[in-house]
Amino acid sequence: MTAANAALKLSDNSYLDSLNPQQRQAVLHTGGPLLVFAGAGSGKTRVLTHRIAHLVLEHGVAPHRILAVTFTNKAAREMKERTAALFSHRGVPDWVATFHSIGVRILRIHARELDYQPGFAIYDAGDSLSLVKRICKKLKVDPKILEPRTIRSQIDRAKNDYIFPDGLVSWSNLPPQLGQIVAEVYERYQEELVAANAMDFGDLLCNVVTLFTLERSILEHYQEQFQHVLIDEYQDTNKVQYKLITQLAAAHQNLCVVGDDDQSIYAFRGASIDNILNFQKDFPDAKVVTLEQNYRSTKTILAAANAVIAKNERRQQKTLRTENEQGSNIVGHKSFDEIDEASFVSSEIARLLAAGVPASEIAIFYRTNAQSRAIEESLIETTIPYEIYGSHRFYERKEIKDILAYVRLLANEYDNEAFLRIINVPTRGIGAKSVANVVAYAAKEQLAYFPALKKAVLEKSAPFMKGAGGKKLAAFVTLMNELQARKDQTEDILAAPDSMDSYDEKVNALAGLINEIAKKSQYLERLRTQDTPEAESRVENIYELMTVASEFVRAAVNNGQNAKLSDFLDRVSLTSDSDEENIETHTDTKSTEPISLMTLHLAKGLEFDAVFVIGFEEGLLPHVRSIDDAAALEEERRLCYVGMTRARKHLYLTRARTRQTFGRQSFYGGVPSRFIEDLPSELIDDRETGFMEWYG
């Protein structure tokens, strides 16, 4: 296409009119690998959604042949909504989801090729840790030498790197003897998962890569289906995600990745910045587009953030620019201690609120959760409502996990972790000895725990089934059989043809099953007899789970889809941190909006009119664990950059001369963060507190 024809084409497509020249380059790229470096606030989501629209509207690519991968369900929903607004008359891409959601979808279809059943359970972190603990106990691993939590973390990190038990010793940073112990636990852990027909989160990706490696025809099927692959937040991908992406794109190389190496802050989760920095080595023919126009922050904020991040050596060179106003100088404040720091922050927030800045547009960021304590006390004292991001999440609450464990066991009787969780919840007199007898019997019979117990009840030959203990175990089986009948009835209702008469019955079917579980198990009754505000809150949470179930079915029916119990469990398992109810609010006046408190890691992807980044001290930012590691130090600098670029209009940076840490003064004694040296002094208003002064 000639330049003239291209210009004519653009004039016919109003959906392209809002793009700047660099965004258009990325959207109009026709085929082959494309790398988009999207600086903070530069409109990367706009590029992704408009590129999908362009592929569909101008190149005739069927929506179902586009795979778009995000890191949160929230981002996936937003992308679907925005693409629907651009070309809903052509259909909306069905494969817009997180890595793990895509993995589950593929594995549900092809599980048998990997010796799993399609109804496999998905173990969360708690289930995985529980399984590791049991294996460690069997193998007599001394927790003083290796804690189960450490072993689970090693296994999780190994899966992020697509490392299996036989390669763990050479991969691990542990001494060889300890690495061998982890490898042994890892191997047994995988055997137990297969026996329980369960996968953990790492398996949802590792197993897809293994499937594609072993079954070439299946890989070729998905390569043919996905003519274009688009990856959001590419700087956050780990090695197994990289392998999956390159497998899918190997045939046609129509791979578009969008990300910002300057915002790569998740190495602790296994993310590898090398994936984005080495993209041009992996794909030598790649077109590279850099988005440097920022639509969020003032010129002052951007200039300061650019000065900080420019000191990193391993990065793509770029300088954010903006057409926004110059804005006021950044406020830098040095306090005597963390109490003085908190007092300053509270007083400035009060001033901003009085000036008309909405509370919802004010945020405080910190490097570690412990820093929030002094801030919280000061906000409470000054009666400023606040909410903390990252508190206990809805699906991690005990009552929710308990009720869902019943549902999981009904859906997959091989789910040993679900069985162990509910066998005596609520308490029904089944003690640890009885459970141990069931586990031993299951091992002898080479069965999962619940099938083994059902066999023992049916045959009445196992010694432990005699007496009161046996009656209680038999009562549990009877309960589960009754609930199984209700579960089968629920699935029949959900699978029945749609009709006006059946609509309400369908929508309420899954919620009814959960209600039946909560009642028949006496879970609700036990909570109500406690007659405490905490117990009442837990009851309300269970009813909220019923609401979630009804909304899930309603959405499916309204979209002309069958609502399946397995799909509901997948949705619950795959709900990420940023999608869950993970905000703890502290306010005495419900009508008053709260300000936001969170760690710098949680701040990524958000933006506020006014931002406070506290604790600009060596040992905090950068963190003490990173100071002697060049790569880790660069990530700390990126973390600082992320915090600064969340601010639209007002940015405050604070540090303390001394700070109490775990009941004693900080080891670093309030030495100013090295990042302060990078800030242009003419952009900082320290109000004569000495924020920019260097000593140490």
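Since the structure is predicted, the reported quantities are computational estimates derived from the model, not experimental observations. For the single chain, residues carry numbers from 1 onward in sequence order.
With sequence neighbours excluded, the residues satisfying ring-ring contact (aromatic ring centres under 6.0 Å, His included) with F344 are H333. With sequence neighbours excluded, the residues satisfying ring-ring contact (aromatic ring centres under 6.0 Å, His included) with Y234 are F279. When the side chain to side chain donor-acceptor pair (under 3.5 Å) test is applied to R637, the partners found at least two apart in sequence or on another chain are N312, D678.
With rounding to the nearest 0.5 angstrom, the CZ atom of R296 is 8.5 Å from the OG atom of S42. Atoms CG and CD1, from L379 and I595 in turn, are 4.5 Å apart once rounded to the nearest 0.5 Å. Here the CD1 atom belonging to I684 is positioned 4.5 Å from the CD1 atom belonging to I330, to the nearest 0.5 angstrom. In this structure, L602 CG and S596 OG are separated by 11.0 Å, a value rounded to the nearest 0.5 Å. Remark: L302 CG to N294 CG distance equals 4.0 Å, nearest 0.5 Å. Here CG of L67 is found 6.0 Å from CD1 of I231. Values are rounded to the nearest 0.5 Å.
Between the side chain of R397 and the backbone N or O of R538 there is no donor-acceptor pair closer than 3.5 Å. Y266 contributes a side-chain N or O that, together with a main-chain N or O of H601, makes up a donor-acceptor pair within less than 3.5 Å. Side-chain N or O atoms of S378 include none that pairs as donor or acceptor with a backbone N or O of A374 at under 3.5 Å. The backbone N or O of A647 sits less than 3.5 Å from a side-chain atom of S297, completing a donor-acceptor pair. Remark: the backbone N or O of E233 is not paired with any side-chain donor or acceptor of T237 at under 3.5 angstrom. Between the side chain of S130 and the main chain of G126, no donor-acceptor pair closer than 3.5 Å is present. No donor-acceptor pair closer than 3.5 Å links the side chain of Q22 to the backbone N or O of V289. In terms of modelled atom types and a separation under 3.5 Å, the side chain of D340 and the main chain of D337 share no donor-acceptor contact. Distance alone, capped at 3.5 Å, places no donor-acceptor pair between the N369 side chain and the T599 backbone. No donor-acceptor pair under 3.5 Å is formed between the side chain of Q316 and the backbone N or O of D261.
Across Y395 and V548, no two heavy atoms sit closer than the pair OH-CG1, 3.4 Å. Looking at every heavy atom in both residues, D161 comes nearest to K239 through OD1-CD, 3.5 Å. The minimum heavy-atom distance linking N238 with G270 is given by the pair CB-O, 3.1 Å. The two residues K334 and G690 make their nearest non-hydrogen contact at CD-O, 3.8 Å. Among all heavy-atom pairs drawn from I627 and G619, the shortest one is CD1-N, 3.7 Å. Smallest separation of non-hydrogen atoms from Q235 and A271: O-CB, 4.2 Å.
In this structure, R659 pairs ionically with E617, as a charged nitrogen and a carboxylate oxygen lie closer than 4.0 Å. Between K604 and D260 no salt bridge is recorded (no basic side-chain N to carboxylate O distance below 4.0 Å). A salt bridge links R687 with E348: at least one charged nitrogen is closer than 4.0 Å to a carboxylate oxygen. Salt bridge absent: E361 and K649 never bring a charged side-chain N and a carboxylate O closer than 4.0 Å. The existence of a salt bridge linking E635 and R638 is confirmed by a sub-4.0 Å separation between a basic side-chain nitrogen and an acidic carboxylate oxygen. With salt bridges taken as basic N to acidic carboxylate O contacts below 4.0 Å, one links K44 and D232. Between R421 and E417, no side-chain nitrogen of the basic residue sits less than 4.0 Å from a carboxylate oxygen of the acidic one, so the salt-bridge criterion is not met. Checked for salt-bridge contact, R152 and D200 miss the test: no charged N lies under 4.0 Å from a carboxylate O. Classification of E634 and R315 as a salt-bridged pair fails, no side-chain N sitting under 4.0 Å from a carboxylate O.
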Using the salt bridge (charged side-chain N to carboxylate O under 4.0 Å, His left out) rule, take R77 and E81 through it: C-alpha gap first, then chi angles, then the decisive distance, then the call.
CA-CA 6 Å; R77 286 195 298 271; E81 290 168 1; 5.7 Å; no

Apply side-chain contact (heavy atoms from CB on, under 4.5 Å) to F37 and Q317, showing your working.
CA-CA 10 Å; F37 283 107; Q317 292 301 313; over 6 Å; no

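C640 places none of its side-chain heavy atoms less than 4.5 Å from the side chain of V613. The shortest side-chain heavy-atom distance between T645 and D262 does not fall under the 4.5 Å cut-off. R269 places none of its side-chain heavy atoms less than 4.5 Å from the side chain of N160. When side chains are defined from C-beta on, F675 does not count as touching K311, because their heavy atoms never get closer than 4.5 Å. In this structure, V257 and N275 have side chains that are not in contact, with every pair of non-hydrogen atoms separated by 4.5 Å or more. K159 is not listed as a side-chain neighbour of F201, based on a closest heavy-atom distance of 4.5 Å or more.
Atom CZ of F336 has 12 or fewer neighbouring heavy atoms from other residues, nucleotides or ligands inside a 6.0 Å radius. The environment of K80 atom NZ is dense: over 12 non-hydrogen atoms of other residues, nucleotides or ligands sit within 6.0 angstrom. For K401, the NZ atom counts as densely surrounded, since its 6.0 Å shell holds more than 12 non-hydrogen atoms of other residues, nucleotides or ligands. Shown here is K299, whose NZ atom has more than 12 heavy atoms of other residues, nucleotides or ligands within 6.0 Å. In the displayed structure, E682 atom CD is contacted under 6.0 Å by more than 12 heavy atoms of other residues, nucleotides or ligands.
Using modelled atom types, one finds a donor on one side chain and an acceptor on the other under 3.5 Å when comparing Q326 with T300.
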